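Since the structure is predicted, the reported quantities are computational estimates derived from the model, not experimental observations. Naming: A, B, ... by sequence-line order, numbering from 1 per chain.
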Amino acid sequence: MAITGIKGFNDILPGEVEKWQHIEATARRVFELYGFSEIRIPILEKTELFARSIGDTTDIVEKEMYSFVDKGEKAVTMRPEGTASVMRAFIEHKLYAQDPVAKLYYMGPMFRYERPQKGRYRQFHQIGAEVTGVTDPKVDAQVLTMLCHFFADLGLTEPTLQINSLGCPECRPVYRQALKDFLRGKLDQLCDDCKRRVDTNPLRALDCKSAHCKEATEGAPSVLDHLCAGCNDHFAATRRYLELVGTKYDINPRMVRGLDYYTRTTFELVTGLLGAQSAVAAGGRYDGLIADLGGPKLPGIGFAMGVERVALLLAAEEFRKRPDLFIAALGEEAQQQAFSLMTGLQRLGVSVEIDYEGKSLKSQMRRSDKFNSRFTLIIGEDEIARKTAGLKDMDAGVQGDVALDVEAIAAKIGK
RNA sequence: GUGGCUAUGGUGAAGCGGUUAACACUUACGACUGUGACUCGUACAUACGUGGGUUCGAUCCCCACUAGCCACCCCA
């Protein structure tokens, strides 16, 4: 039995990878339009970093991390998300000393030990962006607008933006208590999971899929009615700025975040097309995180999107590349000539394919067609003698002559 | 961690107790020995996830294991 890959760790094969490259290139292009710079962070971090940032009672930290002790007896973890690492780097390199406002993006694999299912894998990939040092709601609106811009540029209309505010350390505990009290009064109508949630994560009960729970929590208090004046103003201003620039959104006061560090603005891009995995991208403000990690008292906001999920939405599209030219050669001398021409053209930036094994012309034409090449150059004895070969436009099906010269061929095919 | 479903070639699959294990795609070669896409022909599973069992006989029934998928939990 041959060795297979690990459960939940997938290969991204040619044919699929072009889609990924397109997603990544689009993200780089759009994010850089908004002034973001890439940061590359390591895959392994001290376990403590995630315990402190994500929250040590969250499921991610309690049971989903790939953690181990390395040869130096250090407790390390393969990153389950990117924000914590970016903030650690921001603090460690004192980037705030240069400018407290940093706009950073990253992309790469994340690891969570969960049961794989559609749109969820043990090694998955995120593209994320973070802004530090700005409390002003303009930045909230900008981050959201950028995210929508990215999806629009991918040609996707599907994921829609939902926003909410979770309040701050001032007002959230008050709301949390009010919600707990409400849920306790409905305890007998809740599912078993929600009964448990009342104490562990009452907000999550608002997001329950059970019809009974949905009904029971219909009249539940809303976070938005419990925001303190500061948070309320912030949320209102965020909405105004979104409207100012025409970024469409829905308010979802029942939206919950899975990580402990979120404050104030939170958001998700949701779709109905991915089965149980409706969140394609999600994020929010984390005004306390940088200080919690031992950095200066600076606010932050960011998001991460699941690349696999974005790729699933793009499933219908075709991103396959096509070579500019295929050279079909007949005979030993022609094959040498073809190899030489190919290399010369490649040096000029023309993508070229040949047949390596000296097959029949028919066979080579078939191969050219299979590659979906734009042109095919046909060289045999006669052509070498005449120093002129046939150049066939594969889409139009018409053939002309071209001098057997790298520059001439490149010019003919428009390169 | 829990539950449901599924496991036949490179791929999609038919077959459901005794068959040459269908068909399609892909691949290779060929159709007046130098021209693709359409068409046609030929070739391509000693083999039906693994291990047991039932049976005269199992790809087809039963059990276990393993893997995959989907869902719960949780999350991007």
Side-chain angles (χ1 to χ4, degrees), chain A residues 1-2 4-8 10 13 15 54-55 57-65 79-83 107-128 147 159 191-194 196-197 200-201 204 207-210 255-259 267-271 274-284 302-313 326 328-331 334 355 357 359-383 389-399:
Chain A
M1 189 57 171
T4 59
I6 299 171
K7 184 205 285 282
N10 301 126
L13 303 174
I54 297 169
T57 59
T58 58
D59 274 25
I60 295 177
V61 171
E62 277 189 341
K63 45 189 205 198
E64 294 175 1
M65 294 204 304
R79 63 186 188 193
E81 61 113 26
T83 302
M107 53 185 70
M110 306 293 163
F111 305 85
R112 266 133 76 168
Y113 192 89
E114 303 177 272
R115 275 286 267 274
Q117 63 187 78
K118 190 182 181 69
R120 164 197 284 181
Y121 310 97
R122 290 185 172 176
Q123 174 176 328
F124 61 106
H125 297 76
Q126 289 189 330
I127 299 177
L147 191 52
C191 70
D192 289 345
D193 282 327
C194 284
R196 178 173 52 77
R197 284 166 176 148
T200 58
N201 191 353
R204 179 66 63 190
D207 203 33
C208 185
K209 282 164 186 154
S210 144
M255 190 173 75
V256 192
R257 303 279 61 231
L259 284 58
F267 51 90
E268 273 182 15
L269 268 98
V270 298
T271 175
L274 294 184
Q277 265 58 246
S278 58
V280 178
F303 64 80
M305 72 179 95
V307 182
E308 282 82 357
R309 294 180 185 183
V310 177
L312 283 168
L313 292 178
F326 184 96
L330 290 159
D355 170 74
E357 304 184 55
K359 298 213 173 121
S360 70
L361 180 61
K362 178 184 280 291
S363 173
Q364 295 192 55
M365 288 304 289
R366 277 189 185 156
R367 196 159 173 78
S368 177
D369 184 59
K370 185 184 153 192
F371 280 126
N372 193 218
S373 34
R374 294 172 48 224
F375 291 92
T376 303
L377 183 73
I378 299 154
I379 321 176
E381 312 288 320
D382 302 351
E383 284 82 358
L391 183 67
K392 185 164 188 176
D393 180 320
M394 298 299 276
D395 293 334
V398 295
Q399 188 167 329

Check the phosphate of B/rA71 against A/Gln117, side-chain N and O only, distance under 4.0 Å to OP1 or OP2. Yes or no?
yes
Indicate yes or no for a side-chain donor-acceptor contact from A/Glu383 to the backbone of A/Gly390 under 3.5 Å, with no hydrogens or angles considered.
no
How does protein reach along nucleotides 3-9 of chain B, written 5' to 3' as B (base within reach of a heavy atom under 4.0 Å), S (only sugar-phosphate), or - (no contact)?
B------
Looking only at atom C1', what distance separates B/rA13 and B/rA22, rounded to whole Å?
10 Å
Is there a donor-acceptor pair under 3.5 Å between the side chain of A/Gln364 and the backbone N or O of A/Lys359?
yes
Whole-angstrom distance between B/rC48 and B/rU19, as gauged at atom P:
15 Å
Would you say the side-chain atoms of A/Arg122 pair up with the backbone N or O of A/Glu114, donor to acceptor, closer than 3.5 Å?
yes
Donor-acceptor pair, A/Arg79 side chain versus A/Pro109 backbone, under 3.5 Å?
yes
Give me the distance, rounded to whole Å, that separates B/rG4 from B/rC65 when you measure between the P atoms they each carry.
13 Å
Side chain to side chain contact (heavy atoms under 4.5 Å, CB included) partners of A/Lys370, counting only residues at least two apart:
A/Arg367
Using the C1' atom as the reference point in each nucleotide, state the distance between B/rG68 and B/rU55 in Å, no decimals.
31 Å
Write down the distance separating the C1' atoms in B/rC44 and B/rG51, rounded off to the nearest Å.
30 Å
Identify, with sequence neighbours excluded, every residue that meets side chain to side chain donor-acceptor pair (under 3.5 Å) alongside A/Gln123.
A/His125
With a 4.0 Å cut-off on heavy atoms, is A/Gly119 in touch with a base, just the backbone sugar-phosphate, or nothing at all?
base
Please report the interatomic distance CG(A/Leu361) to CZ(A/Arg366), rounded to the nearest 0.5 Å.
11.0 Å
Please tabulate, one pair per line, each protein N/O and nucleotide N/O from nucleotides 24-30 of chain B that are separated by under 3.5 Å, including the distance.
| residue | atom | partner | partner atom | Å |
| --- | --- | --- | --- | --- |
| B/rG30 | O6 | A/Arg366 | NH2 | 3.2 |

Please determine whether a side-chain nitrogen of the Lys or Arg among A/Glu268 and A/Arg257 lies less than 4.0 Å from a carboxylate oxygen of the Asp or Glu.
yes
Using Watson-Crick pairs (N1 to N3, plus N6-O4 or O6-N4) and G-U wobble pairs, both distances under 3.5 Å, which stems of at least 3 pairs involve RNA chain B?
B:1-7 with B:66-72, B:10-12 with B:23-25, B:27-31 with B:39-43, B:49-53 with B:61-65
Return the set of residues passing side chain to side chain donor-acceptor pair (under 3.5 Å) with A/Asp193 (not counting sequence neighbours), or none when no residue passes.
A/Arg196
Toward the 5' end of RNA chain B, which comes first, A/Asp393 or A/Thr58, by nearest nucleotide?
A/Asp393
Side chain of A/Ser373, backbone of A/Ser368: donor and acceptor closer than 3.5 Å?
yes
Using only modelled atom types and a 3.5 angstrom limit, is any donor from either the side chain of A/Gln399 or the base of B/rU35 paired with an acceptor on the other?
yes
What's A/Asp382 touching, base or sugar-phosphate or nothing? Going by heavy atoms closer than 4.0 Å.
base
Using the P atom as the reference point in each nucleotide, state the distance between B/rC73 and B/rU54 in Å, no decimals.
44 Å
If you take atom types as modelled and just measure distance, does the side chain of A/Arg120 reach the base of B/rC74 with a donor-acceptor pair under 3.5 Å?
yes
Which residue, A/Gly8 or A/Tyr121, contacts RNA chain B at a nucleotide closer to its 5' end, judged by nearest heavy atom?
A/Gly8
About how many Å separate CZ of A/Phe124 and CZ of A/Arg309, when rounded to the nearest 0.5 Å?
8.0 Å
Assess whether one donor atom and one acceptor atom, taken from the side chain of A/Glu383 and the base of B/rG34, lie less than 3.5 Å apart.
yes
Where do A/Ile378 and A/Met365 come nearest, in terms of heavy atoms and distance?
CD1-SD, 4.2 Å
